[in-house]
Student: 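One structure, as C-alpha cells, below. Some questions next.
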Amino acid sequence: MKSLPKTSNESVSLNNLEKTPTAEQATRLDRRQALSQIASATLALPLLGVSSASSRAESPLATVTARMERRTTGSSVYKETAIADYTANMARFGGQLSSPSSGMFNQCARGVPWQFDVLIIGSGYGASVMAARLARRMRVGTRLAIIERGREWVPGTFPDTVPNMIEASRNRLFVKTEQVRNPLGLFNVRQFKEINVLSGTGLGGSSLINASVAIRPDVEVFRQSVWPSQLRDRMFLDPYYDMAECELGVAREPQDWTDKMVSQRLAAERLRDCGAHYEAAALTLTRSQAGASLPVLNRQGLTQRGCIDCGDCLNGCNVGAKNTLAMNYLPMARAAGAEIYTQTEIHHIEKCAGFYTVWAEHHPCSGEPNPQSLPVQLTARIVVLAAGSLGSTEILLRSAGGLPVSNTLGSRWTGNGDALGFIQRAQYRTGIQGFGAYDAGLPAVGPTIQTNVTYPYRPELRHRVLIQEGAATRAYVNAMSFLMHDLDLSNTQVLLGMGHDGAEGRITLDDDQARLDWPGLTDGAYRQLIREEFRKLAAAHGGDYKFLKIFGDKMISVHPLGGCGMGDSAYTGVVNHKGQVFDAAQGGDVDPVTGTPRVHTGLYVCDGAIMPTSIACNPLLTISAIAERTSELLTMEPEYQDLFEARAA
C-alpha cells in the first residue's frame with residue numbers, strides 16, 4: 001500500500017469566515033452576516049482560482065447552476081407525490097394524523113375525576129411505541145392521548161434551504177440566553193456552556209430529522225453496574241429489539257451502494273489491523289427497485305415511496321421514504337383509538353388523589369391571526385413522560401416541589417459521545433452533496449448515513465467508538481463546499497462519532513428552563529480520544545482531518561440521553577426498570593406490600609432520559625425496545641386490569 005499523506009488538525013471557526021474573499025479584497029463581516037453570505041461567497045470560488053478534484057467533475061455552468069438552485073426552494077413531482085400520499089394515508093383519520101384540538105378540552109363525563117386514563121407526553125420513539133401498544137389493549141370506554149408540543153409535518157413540506165431552516169428553528173441561534181422564536185419550530189437547538197443539543201420538535205419527534213440508523217449496543221453496555229439488575233444482560237431486551245425492528249421496517253443498506261460507502265469501506269479496510277470492523281448500516285428506510293415512481297405499501301398499510309438517495313434525511317424527507325414514526329407506530333396508535341394532540345407544551349405535573357393534573361400551554365398555528373398561547377389543564381390516571389432527555393427531566397424538575405423524587409434527578413446526563421469531524425481531500429470520490437427532492441441530474445448521494453465503523457474487540461468499553469459517514473443536506477452544500485474548498489464535495493467526508501463519554505452532565509433549572517453543566521467536557525479524555533480516531537480514519541482515507549468550530553469550541557449532541565436514569569432504588573436512579581418514578585417521600589424506602597422501592601403509582605418516564613449511561617450508538621432502536629418492554633409490563637400491573645384487555649393466549 002502506498003504511503004499516505006500526514007494528517008493535520010486544521011481548525012476553522014466562524015471567525016475565519018468573517019472575512020469573505022472577493023477578487024479584490026476580503027471584507028470583514030459579523031457572525032450573522034457571514035452565515036447568510038456563505039452560499040453567495042461559494043459561487044465566487046471558481047473565479048478565485050480555487051481548484052479541487054470535484055471541480056473537474058462538473059462543467060463550470062453545471063456547477064454554477066446547481067449552486068443557484070440550492071438557494072431557492074420550490075415544488076417538484078417528488079414533493080407533490082409525497083403530499084398526496086400522506087393525505088391519502090390519513091384520510092381514515094379525517095385527512096391528518098393529529099386530532100382536532102377541541103377534543104383535548106372534552107371532559108367526557110365517565111364517573112371518574114380524570115379526563116384521560118393514559119396521557120403520554122411527547123411523540124418520539126418511547127412515546128409512540130407506548131401509545132401504539134397500550135391503545136391496542138385499552139378497554140372500550142377508556143381514553144388514551146398523546147400530547148406533542150410541535151406541529152404535524154407533512155412529507156413534501158419540509159424546509160430545504162438555509163432561510164427556510166432558520167425559519168423552522170424553534171430557538172434563536174447565536175444568542176447568550178435561550179430565546180424561543182417559534183414554539184412550533186422543527187429544529188430544536190439548545191445551547192449550553194460546554195455542549196449544544198439538537199433534537200426534533202413535531203409529531204414524530206426526532207424521527208422526522210434523524211439519520212434513521214437502527215443498531216443494537218454492545219452487550220457489555222448493559223453489564224455496567226449502574227443499569228438496573230433486571231436489564232443487566234442485553235438478552236432480556238433482544239425480543240423487544242426484534243419487535244421494534246419489525247414495526248420500524250429496519251433493513252440493511254446495499255453493499256457499496258454509493259461512492260461515500262465505498263470510500264468508507266476502503267478506509268476501514270486499511271485500519272483492519274487496528275481492530276476496525278466495517279458494515280453497511282441498517283436503516284428505518286423504504287427502498288424499492290422502482291425508486292419513488294411506484295408506491296410501496298408498508299407493514300402498517302400506509303403508502304410510502306422508495307428512497308431516491310438525495311441525502312436530505314436530516315431536513316425531513318420530502319419523498320416519503322423515511323420510516324418516521326408518522327408512518328408506523330403513531331398511525332397504529334390512532335387506528336386503535338388513541339387521541340393525538342399537537343402544539344401543546346407541558347410545563348409541570350401535580351400529584352392528586354389517584355390521578356395527576358398536567359399544566360400546559362397550547363400554541364395556535366403561527367399562520368393564525370394574532371396567535372396567543374392558551375393555558376391548558378389536563379388530568380390523567382396514568383402519565384407517561386416521553387418528551388426527550390432534556391424535556392422529561394425539565395418537566396420533572398419543575399414538578400419536584402410537590403412530587404418527591406430521587407436526588408439523582410438531572411444527573412448522569414450524556415451526549416452519547418456524539419462528535420462531528422470532516423475529512424478534506426479524500427483519496428477516493430465521496431460525492432456527499434445532497435440535492436433534495438428534485439430531479440437534479442446528479443449522482444446518487446444516498447441517505448445521510450450508510451455505514452458503521454466500530455472497534456468491538458477493544459477490551460475496555462470506554463475505548464470503543466462508532467464512526468459513521470454523512471452526507472451534506474441540500475441546504476448546506478454551498479456553505480460546506482466553501483469551507484472545504486471542494487466545489488461539489490466529491491472528496492470531502494463527514495464523520496459522525498459516538499462513544500462512552502462518562503455521563504457526567506448535570507441538568508438543573510435556571511429561570512424555569514433546563515440548564516446543562518459539564519465542567520471539563522471540552523478538555524476531557526473522551527474528546528481527545530474521538531478526535532484521534534477521526535485523525536486515524538482521515539489518514540486511511542488519504543485525506544486530512546478538519547474540525548469546524550460551528551458553534552464555537554463546544555461538543556454537539558444529537559443523541560441526548562439521561563437525566564432520569566434507571567436504577568435499582570431512589571438512591572441510584574430516578575425510575576426503576578419498568579420506567580416507574582421512585583417516590584422519595586420517605587427516603588425511597590421499600591413498599592411492604594410489593595417488597596420493592598416505593599414508586600409514584602401511575603407516573604412513568606419512557607424515553608432517552610432513562611438511559612443511565614451512554615450507549616455509543618444511535619439510540620432509536622434501544623429506546624423503542626425498552627418502550628416495547630415497558631408497555632407490556634404496564635398492562636400487567638394488577639391495579640390497571642380495569643383499563644387493559646387480557647392478552648390473547
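Every value quoted in this text rests on a predicted model; they were computed, and no experiment measured them.
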Student: Test H363 against R151 for side-chain hydrogen bond (donor to acceptor under 3.5 Å, both in side chains), laying out the working first.
Tutor: CA-CA 9 Å; H363 304 291; R151 69 177 180 88; over 6 Å; no

Student: Could you walk me through whether D117 and R110 pass the side-chain contact (heavy atoms from CB on, under 4.5 Å) test, one step at a time?
Tutor: CA-CA 11 Å; D117 297 287; R110 298 181 296 143; 2.7 Å; yes

Student: If you look at every heavy atom in M90 and P331, which pair is closest and at what distance?
Tutor: CE-CG, 4.4 Å

Student: Would you find a donor on one side and an acceptor on the other, under 3.5 Å apart, between the side chain of Q224 and the backbone of V221?
Tutor: yes

Student: Shortest non-hydrogen contact from A132 to M332?
Tutor: CB-CB, 4.0 Å

Student: Using a 3.5 Å distance criterion without hydrogens, assess whether the side chain of R149 forms a donor-acceptor pair with backbone atoms of T201.
Tutor: no

Student: Examine distances only and state if a side-chain atom of T572 and a backbone atom of D568 form a donor-acceptor pair shorter than 3.5 Å.
Tutor: yes

Student: Which residues pass the ring-ring contact (aromatic ring centres under 6.0 Å, His included) test with F158, sequence neighbours left out?
Tutor: W153

Student: Does any non-hydrogen side-chain atom of I556 lie less than 4.5 Å from one of L198?
Tutor: no

Student: Between atom CD1 of I507 and atom CD of Q513, what is the distance when rounded to the nearest 0.5 Å?
Tutor: 12.5 Å

Student: Please confirm whether the backbone N or O of P560 pairs with a side-chain atom of N416, one donor and one acceptor, at under 3.5 Å?
Tutor: no

Student: Quick check for you: to the nearest 0.5 Å, what is the distance between D591 atom CG and T601 atom OG1?
Tutor: 8.0 Å

Student: What distance do I623 atom CD1 and I615 atom CD1 have between them, rounded to the nearest 0.5 Å?
Tutor: 7.0 Å

Student: Give a yes or no on whether a salt bridge exists between D642 and R139, defined as a side-chain N under 4.0 angstrom from a carboxylate O.
Tutor: no

Student: Do you know which of L561, I215, D607, I626 makes side-chain contact (heavy atoms from CB on, under 4.5 Å) with P619?
Tutor: L561

Student: Regarding T408 and Y571, do their side chains bring together a donor and an acceptor under 3.5 Å, going by distance alone?
Tutor: no

Student: Quick one, I147 and I120 - any side-chain contact, counting heavy atoms below 4.5 Å?
Tutor: no

Student: Roughly how far, to the nearest 0.5 Å, is the OG atom of S399 from the CD atom of E394?
Tutor: 10.5 Å

Student: Just so I know, are the side chains of L397 and L409 near enough to count as touching, which here means a heavy-atom distance under 4.5 Å?
Tutor: yes

Student: Quick check: are there more than 12 heavy atoms from other residues, nucleotides or ligands sitting under 6.0 Å from CG of N407?
Tutor: no

Student: Is R381 paired with E639 through a side-chain N to carboxylate O contact shorter than 4.0 Å?
Tutor: no

Student: Quick check against the 3.5 Å criterion: does S99 have a side-chain atom that pairs as donor or acceptor with the backbone of I340?
Tutor: yes

Student: Just do the side-chain contact (heavy atoms from CB on, under 4.5 Å) check on M498 and D418 with the steps written out, would you?
Tutor: CA-CA 5 Å; M498 280 158 268; D418 285 1; 3.2 Å; yes

Student: After noting the C-alpha distance and the side-chain angles of M130 and L634, does the key distance pass the side-chain contact (heavy atoms from CB on, under 4.5 Å) rule?
Tutor: CA-CA 10 Å; M130 289 287 286; L634 193 158; 4.0 Å; yes

Student: Decide yes or no for T635 and R133: does some side-chain heavy atom of the first lie under 4.5 Å from some side-chain heavy atom of the second?
Tutor: no

Student: Would you say N171 and N188 are linked by a side-chain donor-acceptor pair, where the criterion is simply a distance under 3.5 Å?
Tutor: yes

Student: How are the rings of F105 and H362 set relative to one another: parallel (under 30°), tilted (30 to 60°) or perpendicular (over 60°)?
Tutor: perpendicular

Student: Which pair of heavy atoms, one from S98 and one from R334, lies closest together, and at what distance?
Tutor: O-NH1, 3.6 Å

Student: Flag the pair R223 and D218 as a salt bridge only when some basic side-chain nitrogen lies within less than 4.0 angstrom of an acidic carboxylate oxygen.
Tutor: no

Student: Could you pull out the closest heavy-atom pair between N210 and Y125, with the gap in Å?
Tutor: ND2-OH, 2.9 Å

Student: Using a 3.5 Å distance criterion without hydrogens, assess whether the side chain of S557 forms a donor-acceptor pair with backbone atoms of V197.
Tutor: no

Student: Given 3.5 Å as the limit, does a donor-acceptor pair link the side chain of T342 with the main chain of E148, or not?
Tutor: no

Student: With distance as the sole test, does K554 use its side chain to make a donor-acceptor pair with the main-chain N or O of F192 at under 3.5 Å?
Tutor: yes

Student: What's the spacing between S229 OG and H577 NE2 if we round to 0.5 Å?
Tutor: 7.5 Å

Student: Test your reading of the model: is there a side-chain donor-acceptor pair from N298 to the backbone of M327, 3.5 Å cut-off?
Tutor: yes

Student: Does any non-hydrogen side-chain atom of L403 lie less than 4.5 Å from one of V581?
Tutor: no

Student: Output all residues satisfying ring-ring contact (aromatic ring centres under 6.0 Å, His included) with W227, sequence neighbours left out; order by chain, then residue number.
Tutor: F222

Student: I'd like to know if the side chain of N89 reaches the main chain of L302, judged simply by a donor and an acceptor atom lying under 3.5 Å from each other, with no hydrogens or angles considered.
Tutor: no

Student: Would you say that more than 12 heavy atoms from the other residues, nucleotides or ligands in this model lie under 6.0 Å from the CZ of R136, or not?
Tutor: no

Student: Test side-chain hydrogen bond (donor to acceptor under 3.5 Å, both in side chains) on S624 and Y241 and set out the steps.
Tutor: CA-CA 7 Å; S624 299; Y241 275 115; over 6 Å; no

Student: side-chain contact (heavy atoms from CB on, under 4.5 Å) between V250 and T284: does it pass, once the steps are laid out?
Tutor: CA-CA 5 Å; V250 175; T284 59; 3.8 Å; yes

Student: Any heavy-atom pair between the side chains of N328 and L248 that's under 4.5 Å?
Tutor: yes

Student: Less than 4.5 Å apart, side chain to side chain, heavy atoms only: is that true for E504 and Y526?
Tutor: no

Student: Counting only heavy atoms not in R515 (residues, nucleotides, ligands), do more than 12 fall under 6.0 Å from its CZ?
Tutor: no

Student: Measure the shortest side-chain to side-chain distance between L134 and I382 over non-hydrogen atoms and say whether it is less than 4.5 angstrom.
Tutor: no

Student: On a heavy-atom basis, which atom in S392 and which in A387 lie closest, and how many Å separate them?
Tutor: OG-N, 2.9 Å

Student: Is it true that R398 and E345 have a side-chain N and a carboxylate O under 4.0 angstrom from each other?
Tutor: no

Student: Looking at E247 and R299, is any side-chain nitrogen of the basic one under 4.0 Å from a carboxylate oxygen of the acidic one?
Tutor: yes

Student: Identify the two heavy atoms, one from L378 and one from Q115, that lie closest to each other, and give their separation to 0.1 Å.
Tutor: CA-OE1, 3.2 Å

Student: Whether D589 and R598 form a salt bridge (side-chain N of Lys/Arg under 4.0 Å from carboxylate O of Asp/Glu) is what I want to check.
Tutor: yes

Student: Report the distance from atom CG of L184 to atom CD of Q343, rounding to the nearest 0.5 Å.
Tutor: 5.0 Å

